[in-house]
Amino acid sequence: MSLSASATTPVTARRRPQLTGLGDPIILGSFTLAAWLVLLLVAALFITLVIAAWPAIKTVGLTSLQSATWDPNSNKFGVLSFIYGTIVTSAIALVLAGPIGIGAALLLAEVAPKRLATPVALLIELLAAVPSVVFGIWGLYVLAPVMRTVVEPALQRWLGFLPLFQGMYYGIGMLTAGVLLAIMVLPTVTAISRDIFEAVPRDQREAMLALGSTKWEMLTRAVIPYARSGIIGALVLALGRALGEAMAVTMVIGNKPAIALSLFAPGYTMASVLANEFTEATGQQYVAMLIGIGSMLFILSMILNVFARLLVLSVAGARGARR
Amino acid sequence: MHRNRFVLGLTGASLAFVLTSAIAGAAGQLTGAGSSFDFPFFSRAFYEYGKQHADVQVNYQSIGSGGGIQQFTAKTVDFGASDVPLNPNEMKAAQASNGDVVQVPVTLGGVVVAYNVQGVAGHLKLDQQTLAGIFLGKITNWNDPAIAKLNAGTTLPSQAIVVAHRADGSGTTYIFTDYLSKISPQWKSSVGTAKTVNWPAQSAIGAKGNEGVAGLIRQTPGAIGYVELAYASQNDISYASLKNSAGQFVLPTVDSVRMAASQKPNVSPDDYSIVDMGGAGSYPIAGYSWVMLWKNQSDANKGKQLVGLFRWLVTDGQTYATNVRYVGLPKNVQGEADRALASIKT
Amino acid sequence: MLALRQWWNGFMLVLAWLCAGLAAATLAIIVFYVIQRGAPALNGHFFLSVPTPVGVPGGGVANALIGSVEIIVMASLIAIPIGVMAGIYLALLGKGRLADAVRFFSDVLTGVPSIAIGIFAYTVVVVPQKHFSANSAGVALAVIMLPIIVRTTEEAVRLVNPAIREGALALGIESWKAILLVTVPCARAGIVTGALLGVARVAGESAPLLFTAFGNPVWSTNPNSPIAALPLIVFQYANSPYAEWQQIAWGGALALIVLVFVLNITARVLFPAKGYR
């Protein structure tokens with residue numbers, strides 16, 4: 001897309017050389033410089049974080065990935081419980097938001113009349129604009145009590161045979177954090193999947209319908225297979241957002257650096273330990289360790305984003321990928 | 001074209017805004033950070049001081065004692081506040097950063113054991129063994145016989161106990177674990193005394209700041225935790241009466257904390273612990289809180305403002321302490337604070 | 001057989017309707033609670049007073065409102081010029097690897113956790129400056145805004161018919177004048193949309209402000225001092241146990257939601273083309 005577009009708008013700076021004008025090299029040069037600045041910024045982010053985390057990488061390094069004991073006072077910096085909490089909460093978010101988001105996207109793109117689809121899509125996308133601290137306060141005072149009094153007791157009663165739903169429940173914990181994250185990433189899944197479904201060529205569907213398929217069969221056989229890699233991309237982007245969310249999660253997860261099998265248990269994520277401990281970390285090692293967690297988060301989100309955007313790009317072109 | 005002029009005008013206006021605000025905001029402002037134990041007292045006292053001295057406005061951020069020490073050492077704030085004086089390692093780091101440190105006791109407070117147990121009115125009684133048992137995770141239900149025996153006449157529900165603790169480095173945690181270490185050899189050997197510890201109880205949840213723990217206790221049925229007295233009394237959270245080493249059950253009040261402090265009239269940054277004080281009527285979990293200042297102030301004006309502020313805080317400012325259920329500094333400790341402040345070079 | 005297929009079709013379509021309904025209902029529920037709990041807090045004190053200590057009535061968030069405006073203005077002053085210029089470069093000048101890389105990495109930058117960007121700003125501004133400050137917060141928010149402005153500007157400029165600019169060039173106008181005086185004004189609405197979306201994205205950010213703006217209970221507009229910001233005060237007050245502070249936190253949450261919704265909806269009205277979000 002980018003190539004074809006630049007081909008239709010050729011650079012015409014040299015069409016009429018103006019010997020008097022220094023404007024072109026200066027102004028056009030500064031545009032180019034601005035573009036370089038964007039790249040430099042990404043490089044600077046990466047380099048700064050790695051340099052600042054270096055004392056930790058050098059001394060603790062990979063051993064910190066093998067321990068779940070986070071006890072800065074005795075210089076024990078095991079980050080496993082943060083990684084575990086991050087994975088569990090993000091996984092809950094995807095399991096919930098994935099099907100709902102894809103279902104909503106299918107409806108908006110394929111089934112609902114435009115008149116209805118547009119305002120509903122607008123509502124879902126406004127959900128994406130809600131600041132995370134607002135999700136946090138809502139999660140703490142509205143969602144957590146509902147989880148404690150309704151959802152978690154019900155889960156324990158019906159699914160209590162699974163270790164995931166055993167033990168104490170507090171309303172605050174990994175499950176609540178995961179549900180809150182699901183709400184936060186839902187617009188990402190919906191909006192991108194919708195773009196992808198709309199990018200699927202028309203003719204295939206019409207052929208299916210002409211052959212006597214029901215609408216649902218048409219969707220599952222002509223639309224979803226074509227859109228599969230794009231949808232995976234949408235889910236990976238949502239995963240990226242869930243991994244890095246700090247404030248809302250901190251407010252509802254219980255902030256306990258421990259690995260528990262039960263989803264009701266409190267946990268800790270990489271982003272929320274930064275929100276809690278970064279301003280108070282004492283000593284070079286501790287600060288460097290936290291920055292190390294920050295750079296892991298940064299690198300992880302980079303990898304996920306690159307991967308996801310390549311997938312989305314492969315289906316929907318640049319439009320879907322730019323979210 | 002006039003659109004461009006509009007954009008230009010907007011840019012100009014915002015630039016002017018930033019520049020003028022740079023000048024307008026230049027009036028003296030002191031930044032401090034640390035202990036959330038001190039926060040209700042500080043926020044009130046600094047607010048009143050600011051009303052009397054328009055040229056000195058204080059920005060105190062309640063980020064936890066660990067954070068106060070860190071930000072002080074990094075010189076990102078003008079003063080730090082902590083419920084525990086600097087330990088030798090922290091002192092070494094601070095001295096390496098900016099020379100000698102002056103530590104001033106500024107307030108005295110109690111740590112209460114607060115809980116949220118449905119249907120229990122009044123104050124539950126807890127003795128040393130039971131308290132340690134709960135926080136060690138050995139007593140896990142509110143209807144445990146150990147608790148019931150101490151509280152005959154109170155119907156305790158069958159409800160699981162949830163330990164609520166600090167998620168950040170905290171002087172309140174230090175004072176509380178200092179106490180648990182004194183009363184329980186098992187706590188001392190397996191957990192110890194520190195600003196952050198690994199909480200052994202199976203069901204334990206953490207929150208940031210005294211604010212966060214108090215909020216958590218209020219939100220979580222079955223919760224038990226420890227907060228500064230002011231946080232419990234301002235929020236109508238129930239709290240326990242504890243058995244002191246003289247064998248009495250004592251409620252945390254301004255008087256019972258003062259009584260504990262009076263058992264040890266002289267404190268210094270090297271000898272500060274006042275937990276588990278015997279003596280009739282003294283509440284066993286209490287502590288002083290400290291402010292850290294650089295001995296050599298590089299900015300003379302700021303240095304004078306800081307000394308003036310804390311001179312006031314340790315003397316006249318103490319009246320605001322009792323307003324928010326802190327305990328006024330005993331006279332001899334005020335003297336100690338004054339001497340420390342006099343050593344600051346501006 | 002056919003009946004079963006029809007039944008299945010109907011069932012799955014109803015399920016899809018439920019998914020969309022659930023998603024839209026979630027927003028409605030959140031907005032409902034925020035209005036219900038927040039509206040009573042929005043009185044004169046809320047907008048005109050500075051925070052007071054617990055127990056002293058009449059506290060507000062006036063300093064945080066001004067503080068938020070100040071850091072957003074600073075972020076915009078950094079991000080909008082660079083972002084717009086980079087966007088123009090991508091749309092009109094950029095070819096080959098540099099342009100593809102800029103496009104790709106600015107997209108990737110939108111996915112970087114904001115808390116990591118906060119640590120970046122702490123490391124490069126707060127630590128060398130030796131104090132928390134409004135300007136470090138401005139830097140952090142600028143980094144978050146930048147990619148949004150770059151990509152929206154690019155698309156807005158790209159949509160301008162190239163013939164207009166070529167016509168100007170044919171008249172002998174220099175290329176830079178043709179871009180700045182002909183193409184860019186045509187793309188104005190789209191560029192303003194980008195700026196609005198950038199502001200909307202950062203207005204509610206709280207994570208990066210923890211280590212940069214730091215918060216401040218008293219008046220300050222000094223860019224070199226710690227400063228109050230609305231999202232930060234919402235976070236602090238929401239976590240507090242005091243009913244009056246929680247009330248102010250809900251009020252702040254409502255103010256934030258109204259602000260970002262107004263910005264987003266304005267952006268859509270200004271530039272309704274699909275894909276501008």
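Lettering of chains follows the sequences in order, A, B, ..., and the numbering in each one begins at 1. Here the structure is a predicted model, which means the values were calculated and not measured.
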Could you look at A/Pro119 and say if it's the side chain, the backbone, both or neither that has a heavy atom under 4.5 Å from chain C?
neither
Salt-bridge present (C/Arg151, C/Glu154; N to O < 4.0 Å):
yes
Could you tell me if the side chain of A/Pro99 sits less than 4.5 Å from the side chain of A/Ile102, heavy atoms only?
no
Quick one: what part of A/Tyr141 sits under 4.5 Å from any heavy atom of chain C, side chain, backbone, both or neither?
both
Tell me, out of A/Leu300, A/Thr214, A/Leu243, who's got the most heavy-atom pairs with chain C below 4.5 Å.
A/Thr214
Taking side chain as C-beta onward, heavy atoms only, is C/Val184 less than 4.5 Å from C/Ile88?
yes
Please identify, among C/Phe105, C/Phe104, C/Phe214, the residue contributing the most non-hydrogen atom pairs under 4.5 Å to chain A.
C/Phe104
Segment of C/Ala23 engaging chain A (4.5 angstrom heavy-atom cut-off)
both
Salt bridge or not between A/Glu110 and A/Arg194? Use side-chain N to carboxylate O under 4.0 Å.
no
Under 4.5 Å heavy-atom distance to chain C, tell me which part of A/Val111 shows up: side chain, backbone, both or neither.
side chain
Heavy-atom side-chain proximity of C/Arg103 to C/Val150 below 4.5 angstrom:
no
As an exercise, state the distance from CZ of A/Phe197 to CG of A/Leu107, rounded to the nearest 0.5 Å.
11.0 Å
Interface check, chain C: of A/Leu41, A/Ile51, A/Leu186, most non-hydrogen pairs under 4.5 Å belong to A/Leu41
Answer with side chain, backbone, both or neither: which region of C/Arg37 has an atom nearer than 4.5 Å to a non-hydrogen atom of chain A?
side chain
Chain C contact via A/Leu45 - which portion, at a heavy-atom distance below 4.5 Å:
both
Cut-off 4.5 Å, heavy atoms of chain C, and the answer for A/Leu37 is side chain
Which one of A/Ile293, A/Thr220, A/Leu274 has the most heavy-atom pairs closer than 4.5 Å to chain C?
A/Leu274
Min side-chain heavy-atom separation A/Met184-A/Arg241 under 4.5 Å:
yes
If you define the side chain from C-beta out and look only at heavy atoms, does anything of C/Met145 sit under 4.5 Å from C/Ile78?
no
Is there a side-chain contact between C/Val125 and C/Thr212 (heavy atoms, below 4.5 Å)?
no
For A/Thr190 and A/Ala104, the nearest pair of non-hydrogen atoms, with its separation, is CG2-CB, 4.0 Å
Heavy-atom pairs under 4.5 Å with chain A, option from C/Ala28, C/Ala101, C/Pro113, C/Gly252 with the top count:
C/Pro113
Counting heavy-atom pairs under 4.5 angstrom with chain A, the leader among C/Leu15, C/Ile30, C/Ile29 is C/Ile30
What option among C/Gly204, C/Gly10, C/Ala16, C/Ala253 has the most heavy-atom pairs under 4.5 Å with chain A?
C/Ala16
Note: vs chain A, highest number of non-hydrogen pairs under 4.5 angstrom among C/Trp8, C/Trp250, C/Tyr237 is C/Trp250
Give, as side chain, backbone, both or neither, the part of A/Ile137 having an atom under 4.5 angstrom from any heavy atom of chain C.
both
A/Leu297, part contacting chain C, at a heavy-atom distance under 4.5 Å
both
Step through it carefully: locate the ring centre of A/Phe278, locate the ring centre of C/Tyr122, and say whether they are under 6.0 Å apart.
yes
Can you tell me which of A/Ala246, A/Ala121, A/Ala35, A/Ser295 forms the most heavy-atom pairs within a distance under 4.5 Å of chain C?
A/Ala35
Would you mind reporting whether C/Pro147 and A/Val38 have side-chain heavy atoms less than 4.5 Å apart?
no
Can you tell which part of A/Leu116 gets under 4.5 Å to a heavy atom of chain C, answering side chain, backbone, both or neither?
side chain
pair C/Leu98-C/Tyr89: side-chain heavy atoms closer than 4.5 Å:
yes
Part of C/Phe235 within contact of chain A (heavy atom distance under 4.5 Å):
both
Portion of A/Leu106 that has a non-hydrogen atom of chain C nearer than 4.5 angstrom
neither
Does any heavy atom of chain C fall under 4.5 Å from the side chain of A/Leu122, the backbone, both, or neither of them?
side chain
Straight-line distance of A/Leu140 CG to A/Phe135 CZ, nearest 0.5 Å
15.0 Å
Side chain, backbone, both or neither: which part of A/Ala52 has a heavy atom under 4.5 Å from chain C?
side chain
Most chain C-contacting option - heavy-atom pairs closer than 4.5 Å, from A/Leu126, A/Leu143, A/Thr48
A/Leu126
Let's test your reading of the structure: which of A/Val120, A/Val306, A/Ile124, A/Ile26 forms the most heavy-atom pairs below 4.5 Å with chain C?
A/Val306
Top contributor to chain A interface from C/Ile82, C/Val108, C/Val260 [non-hydrogen pairs under 4.5 Å]
C/Val108
Evaluate the side chain to side chain donor-acceptor pair (under 3.5 Å) criterion for residues A/Asn255 and A/Asn276: first the C-alpha distance (whole Å), next the side-chain angles of each, then the deciding distance (0.1 Å), finally the verdict.
CA-CA 9 Å; A/Asn255 302 318; A/Asn276 271 330; 3.3 Å; yes
